[in-house]
K.L.:
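Before I ask anything, here is the structure I am working with.
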Amino acid sequence: MGFKKDMVWGGATASYQIEGAAFEDGKGLNVWDICCEKPGFVRDGDTGIEACDHYHRYKEDVALMKQLGFNAYRFSLSWARILPDGTGKVNEAGLDFYDKLVDELLSAGIEPYVTLFHWDYPYELYKKGGWLNKDSSDWFAEYTKVVVDRLSDRVTHWMTLNEPQLFINTGHADGVHAPGLKLDRGQILIAGHNALLAHGKACQVIRKYSKKPCEIGFAPAIGVVCPATTDEKDIEAAKKAMFEASIFENATWSVAYWMEPVMNGRYPEESIKANGKWWPDFPEEDMKIIHQPIDFCGMNSYFGSYVKAADNELGYEFCKFSSGYPRTEMDWEITPEILYYGPKFLYERYKKPILITENGMAGMDFVHLDGKVHDPQRIDFLHRYLKEYKKAADDGVDIKGYLQWSLMDNFEWAEGYRKRFGLIYVDYETKERILKDSAYWYADVIKNNGENL
Ligand code: GCO
């Protein structure tokens, strides 16, 4: 059976990670601009001030995507580039940039998949309390309206939030991502709830004001749990573990905490119970706002875990990875089966087409003596993962597409520029782009719609 004829094939990026031009053309500050200045916050003191200079080189980048045969490109908008204060005055130059990018993509035959928020939160709003402020979802709705008014005559695919569990937790609980806070559990639950509300209100705004019929989703991080064997008992155990909110002490790390409100209009009972006195008293109407119709189920996934059924309270136990287990430069285990079981379990539960919004690996990539970037590991990685994904399609899972992370090497948040995730190598001194071997390989997969996997 394989992938459908209209399979979405492309790559993904995020504004702060590639654009650069951090202080140009009236862009406002965001929390990453601020945190990058704090000594020790980002490895090597790296910042996104220049990044890949995509802001000035977007035409070259779109031409490269066209060369690779992409039919889609996922990118995010910098909220503070569009609204320097987060709300209020619009920065026309910022909107113009995205306007031109969208036109360039469409004229190259590439469908824009726009993420509204990929972590670069406006600093002016952060100073008003950010996601803790009860108005934060309205701020997001206001920003969404500005964007939709301007781009929805051409953009028809939207994602609201990227990996809310990451920006809420790494940014607000662990303090290792911007804004670098270490809030308590009660505050985290409020921030999480406001982010969910922001998602819901953005969906409402897009549906109401879009100039064309459109599709909406979001891009959560999906921690896939795979069964250790194909034994039915292990498969059931894996499913249970994947959607169980209680396996994390902090509920907002779980898949269920984000997916259940969005997809089923409820918080998982276990999250509420496990948080006891910490659980805030949210107004009931909020859930109606959060629970908006969604057109596809986004999935950002890089590695997963394995469980086997067990005779204990949980009914399963996690398998341990050995120290010699294959891993990427991020030290993430290589677990291709997540692209089989993840889509399968999500589709069974939520019945929405699956779009891989991110998947890929960081490698030890460098320019070889012949001037090329040979990255056989990435080819092997993508080959293994995509084979599993295709198996899910063969099994009847409604697969919408695959957006590889990332189009090009970029600013990997607190890790700076050392971790290279790109299909395209970026020389950060000269900003020269070089297609890695994996880019050519992926272009061939796209050309064959995955038939050659
Ligand atoms: C994330 C983001 C990306 C990352 C990628 C690799 O999940 O952290 O969506 O911005 O760069 O996932 O870590």
Side-chain angles (χ1 to χ4, degrees), residues 1-14 18 54 57-77 98-115 118 151-159 162 210 212-219 295-301 339 343 352-360 378-379 382-383 385-387 389-390 392-394 397-408 421-424 433 435-436 438-453:
M1 206 166 101
F3 297 123
K4 287 190 238 167
K5 293 256 165 319
D6 59 352
M7 173 85 172
V8 171
W9 286 110
T13 62
I18 66 164
H54 172 72
R57 292 166 199 256
Y58 72 92
K59 285 193 179 169
E60 178 186 350
D61 293 333
V62 173
L64 289 170
M65 290 183 234
K66 186 176 179 186
Q67 183 185 339
L68 296 178
F70 282 17
N71 59 32
Y73 171 50
R74 172 178 178 230
F75 61 99
S76 76
L77 310 179
Y98 296 112
D99 216 41
K100 286 185 288 185
L101 174 59
V102 164
D103 285 343
E104 192 74 13
L105 286 165
L106 290 173
S107 64
I110 300 168
E111 192 62 32
Y113 275 67
V114 172
T115 312
H118 198 131
L151 300 180
S152 69
D153 57 334
R154 287 152 294 151
V155 172
T156 54
H157 293 89
W158 302 94
M159 281 146 291
N162 179 72
S210 176
K212 279 186 169 175
C214 62
E215 291 189 6
I216 311 176
F218 77 131
D295 301 291
F296 58 85
C297 181
M299 169 173 161
N300 285 9
S301 245
L339 283 207
K352 295 287 174 201
I354 305 294
L355 176 64
I356 299 296
T357 33
E358 281 180 30
N359 171 247
R378 184 170 289 100
I379 293 175
L382 294 176
H383 198 164
Y385 277 68
L386 281 168
K387 265 166 98 81
Y389 197 35
K390 193 169 158 202
D394 289 340
V397 176
D398 189 350
I399 300 292
K400 183 176 175 62
Y402 181 81
L403 299 165
Q404 195 269 354
W405 185 272
S406 177
L407 171 68
M408 63 181 112
F421 273 90
L423 293 168
I424 298 172
R433 277 86 161 122
L435 294 179
K436 300 180 191 175
S438 59
Y440 295 103
W441 178 87
Y442 185 48
D444 205 43
V445 171
I446 296 177
K447 200 164 102 205
N448 289 285
N449 200 32
E451 288 304 313
N452 55 342
L453 285 164

K.L.:
Between P112 and L105, what is the shortest heavy-atom contact and its length?
P.N.:
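Looks like CB-CD1, 4.1 Å.
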
K.L.:
After noting the C-alpha distance and the side-chain angles of M408 and L64, does the key distance pass the side-chain contact (heavy atoms from CB on, under 4.5 Å) rule?
P.N.:
CA-CA 10 Å; M408 63 181 112; L64 289 170; over 6 Å; no

K.L.:
Report yes or no: does D394 contribute a side-chain atom to a donor-acceptor pair with the main-chain N or O of G2 at less than 3.5 Å?
P.N.:
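Indeed, once roles are kept as given, a pair shorter than 3.5 Å links the two residues.
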
K.L.:
Looking only at heavy atoms, what is the nearest atom pair of I110 and K66, with distance?
P.N.:
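Residues I110 and K66, closest heavy atoms: CD1-N, 3.9 Å.
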
K.L.:
How long is the gap from CG on N71 to CD1 on I446, to the nearest 0.5 Å?
P.N.:
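Answer rounded to 0.5 Å: 7.0 Å.
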
K.L.:
Taking atom NZ of K4 as the centre, does the number of heavy atoms from other residues, nucleotides or ligands within less than 6.0 Å exceed 12?
P.N.:
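Correct, the count exceeds 12.
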
K.L.:
If the plane angle is over 60° it's perpendicular, under 30° parallel, otherwise tilted; pick one for W441 and H383.
P.N.:
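Tilted.
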
K.L.:
Only counting residues at least two apart or in another chain, list the ones meeting ring pair (Phe, Tyr, Trp, His ring centres under 6.0 Å) with F3.
P.N.:
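By the ring pair (Phe, Tyr, Trp, His ring centres under 6.0 Å) rule, F3 matches W9, Y389.
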
K.L.:
With a 4.5 Å limit on heavy-atom distance, are the side chains of F75 and V114 in contact?
P.N.:
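Side chain of F75 against side chain of V114, heavy atoms only: contact under 4.5 Å found.
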
K.L.:
Where the side chain of K436 meets the backbone of G422, is there a donor-acceptor pair that is under 3.5 Å apart?
P.N.:
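Checked: pair present.
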
K.L.:
Give a yes or no answer on whether the side chain of K212 reaches the backbone of D153 with a donor-acceptor pair at less than 3.5 Å.
P.N.:
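It does hold such a pair.
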
K.L.:
Looking only at heavy atoms, what is the nearest atom pair of S438 and R378, with distance?
P.N.:
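Scanning both residues, the minimum pair turns out to be OG-CD, 3.4 Å.
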
K.L.:
CG of L423 to CG of L435: how many Å apart, nearest 0.5 Å?
P.N.:
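If I round to the nearest 0.5 Å, the distance is 8.5 Å.
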
K.L.:
Begin from the C-alpha positions of S301 and N359 and carry the test side-chain hydrogen bond (donor to acceptor under 3.5 Å, both in side chains) through to its verdict.
P.N.:
CA-CA 5 Å; S301 245; N359 171 247; over 6 Å; no

K.L.:
Among V445, L386, V8, which residue meets the side-chain contact (heavy atoms from CB on, under 4.5 Å) test with Y402?
P.N.:
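Running side-chain contact (heavy atoms from CB on, under 4.5 Å) over V445, L386, V8 with Y402 returns exactly one hit, L386.
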
K.L.:
Search all heavy atoms of G11 against all heavy atoms of F70 and return the closest pair with its distance.
P.N.:
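The pair with the smallest heavy-atom distance is N-CE2, 3.2 Å.
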
K.L.:
Counting distance only, does the side-chain N/O of K390 pair as donor-acceptor with the main-chain N or O of G450 below 3.5 Å?
P.N.:
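Checking the backbone N and O of G450 against the side chain of K390, a donor-acceptor pair under 3.5 Å is found.
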
K.L.:
How close do D295 and C214 get, counting heavy atoms only, and between which atoms?
P.N.:
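Answer, listing the atom of D295 first, then C214: OD2-O, 3.8 Å.
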
K.L.:
Looking at Y442 and G10, would you say the former's side chain and the latter's main chain have a donor-acceptor pair under 3.5 Å?
P.N.:
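Indeed, once roles are kept as given, a pair shorter than 3.5 Å links the two residues.
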
K.L.:
Measure the CG-CG distance between D444 and L68 for me, rounded to the nearest 0.5 Å.
P.N.:
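One finds 11.5 Å between CG of D444 and CG of L68.
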
K.L.:
Kindly say whether D61 contributes a backbone atom to a donor-acceptor pair with the side chain of R433 at under 3.5 angstrom?
P.N.:
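Pair absent, no side-chain N/O of R433 close to backbone of D61.
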
K.L.:
Parallel, tilted or perpendicular for Y58 and H54, by the 30°/60° rule?
P.N.:
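Because their plane-to-plane angle is over 60°, the rings of Y58 and H54 count as perpendicular.
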
